Asks: 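Next up is a structure, given as structure tokens.
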Amino acid sequence: MPLQRTAIKDILSPDGPPAQTAGGDVLVQGWVKTRRSSRSVSFVQVNDGSTLRDLQVVVDESSPAYAVANALTTGCSVTVAGQVVESQGKGQQYEIQAQEIRLLGGADPETYPLQKKRHTPEFLREIAHLRPRTNTFGAMARVRSAAAFAIHSFFQQRGFQYIQTPIITASDAEGAGSMFRVTTLNLDNPPRHDGKVDAAEDFFGRPTFLTVSGQLEAEIFAMALSNVYTFGPTFRAENSNTSRHLAEFWMVEPEVAFCELDGLAELAEDFLKHIFGYVLDNCREDMDFFNRWHNPETIATLEGIINSRFERVTYTEAVDLLLKSGESFEYPVNWGIDLQSEHERYLTEKRIGRPVIVTDYPKEIKPFYMRLNDDDQTVRAMDVLAPGIGEIIGGSQREERRDTLLRRIAEAGLDAADYYWYLDLRRYGTVPHAGFGLGFERTVQFITGVSNIRDVIPFPRTPKNAEF
RNA sequence: UCCCCGAUAGCUCAGCGGUAGAGCGGGCGGCUGUUAACCGCUAGGUCGCAGGUUCGAAUCCUGCUCGGGGAGCCA
């Protein structure tokens, strides 16, 4: 038996098996997907997660491995030794003629929940510890990994520094939604002061929360390193029950000094194209699988985006397009409203048919830190809307003028004292800068065509659900 | 959080007032290299939970829990 394990991906490579394995002895290890047996021969499909495809292991009656092979059931883990040979069958070019099979761990077929047939995503969520063994979830995990790598490579190639911002924070990124409280106080009997829970007694001596965004901290480092990005988990305690929201999700947030909104829009467009292109180039089989089983348009859509220019419209122009559309919207359109899902869908899907970057929103519907335009009505905000998913990126040029920022903080009803360090960045060496946030899971959703966000993250956190 | 829909065998579902069904999966057997293999036999159920209506409830009503679709909030 060879000592060195060979990945199934290498044996089934489109270029054929590596020279050192072709016709020679190989060692393969993985999990049994299924077995088909007749009296004289047994076929065992083995998958090791290195690729979507299963390796067909052929065991003849005469092989010493035949008895072991015939006892294998779905879910077993095995070590297989044999020769790589050209297949006599039609489903695959190469297969293994097995000499020896060792059962590493059995899987009682009476209780093992994964079957050969297709399972619903809802059922698979209930067995999140076993669903990585399915085709869909394995493909998702590989695409997710590749997309994460593409995000890092995009920024690293452009000289951005990766900044790790805190997960526990005392500051509230205004407008980003409800936060999870972090505490070590005894909730059955918390210390009190003047009738209220005394946060001064808590671990950090003050109220603390799980972060909703690394933006404000990223701005600190952009004001020193120029180009930075964060990529980490963020948390929202909103009671959102939709196929596009998670309580814990990953967000990418670049922050760019000496950059205005137009430059940021360019960056966002290049960024999305880079991620999509990398995944299409490096996860072809997985993407073909998603295209076949989840969304027959997904590859064509991604290729279309890579090869097209994103449309750019101002909020005012977008409202105009909606008013002239002749569509009857559930939420009436007028200048000043926040764009609803139906409006965003109309713009990006029906009216334009590709991603749209909408800029310059009314200041009333955007957070205080977005840069005020000269009209005193709109801010330099930017949303990237994509067909089928809606808002995928939200960002803005930041307000770098200290007096204007102070005024906006007051208008928002916030206490400037809470933002002293944020204001200091404008007090000492302020520069124009801009940044955006990309929801990583929404990006993976968009790439794969998987309809529920709970199925593009290994362990989804949603209201009333933190199993696994 | 709001609106609609759903929960029956391990899975996917049918049954919708009168003794619980199918396909797949499982078990056993068969089968000349199979590809969601195929053929035969077979076991398997507190019909989500708690109340109510009724001679009788999987079926009708109420509440709850969980899931799905849509909306809001947003990434």
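Note on naming: letters A, B, ... go to the chains in the order of the sequence lines (proteins, then strands), and numbering restarts at 1 for each one. Because the structure is predicted, anything quoted here is derived from the model rather than measured.
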Asks: Could you tell me how far apart N465(A) (CG) and G68(B) (P) are, to the nearest whole angstrom?
Replies: 9 Å

Asks: For nucleotides C66(B) and G44(B), find the distance between their P atoms and express it as a whole number of Å.
Replies: 33 Å

Asks: Sticking with atom P, work out how far G30(B) lies from C49(B), rounded to a whole angstrom.
Replies: 41 Å

Asks: Any donor-acceptor pair under 3.5 Å joining the side chain of R36(A) to the base of C31(B)?
Replies: no

Asks: Is it the case that C74(B) (base atoms only) and H245(A) (side chain only) share a donor and an acceptor within less than 3.5 Å, ignoring hydrogens and angles?
Replies: yes

Asks: In terms of side-chain heavy atoms of R236(A), which of A71(B), U34(B), A75(B) is nearest?
Replies: A75(B)

Asks: More 5' along RNA chain B: G91(A) or T462(A), using each one's nearest nucleotide?
Replies: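 Result of the comparison: G91(A).
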
Asks: Look at the side chain of F249(A) and decide which nucleotide, out of A71(B), G68(B), A75(B), has an atom nearest to it.
Replies: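 Of all the options, the side chain of F249(A) is nearest to A75(B).
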
Asks: Base, sugar-phosphate, or nothing: which does Q340(A) touch, judged by heavy atoms less than 4.0 Å apart?
Replies: sugar-phosphate

Asks: Rounded to whole angstroms, how far apart are CG on N239(A) and P on A71(B)?
Replies: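 Those two atoms, CG and P, are 16 Å apart.
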
Asks: Can you say whether a donor on the side chain of Q115(A) sits under 3.5 Å from an acceptor on the base of G25(B), or the other way round?
Replies: no

Asks: Using a 4.0 Å heavy-atom cut-off, does Q97(A) contact any base of the nucleic acid, only the sugar-phosphate backbone, or nothing at all?
Replies: base

Asks: Is there a donor and acceptor pair closer than 3.5 Å between the side chain of E238(A) and the base of U1(B)?
Replies: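 Per atom types, no contact qualifies.
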
Asks: Is the phosphate of U34(B), meaning OP1 or OP2, less than 4.0 Å from a side-chain N or O of Q45(A)?
Replies: no

Asks: Can you tell me how the ring of H129(A) sits relative to the ring of F468(A), calling it parallel under 30°, perpendicular over 60° and tilted otherwise?
Replies: parallel

Asks: In whole Å, I'd like the distance from the CD atom of E110(A) to the C1' atom of C11(B).
Replies: 15 Å

Asks: Between A7(B) and A50(B), how far apart are the C1' atoms? Round to whole Å, please.
Replies: 15 Å

Asks: Taking the inter-plane angle between the rings of Y278(A) and F149(A) on a 0 to 90° scale, is it parallel (under 30°), tilted (30 to 60°) or perpendicular (over 60°)?
Replies: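 Tilted.
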
Asks: Does a nitrogen or oxygen in the side chain of R39(A) sit under 4.0 Å from OP1 or OP2 of C31(B)?
Replies: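 Yes, such a contact exists.
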
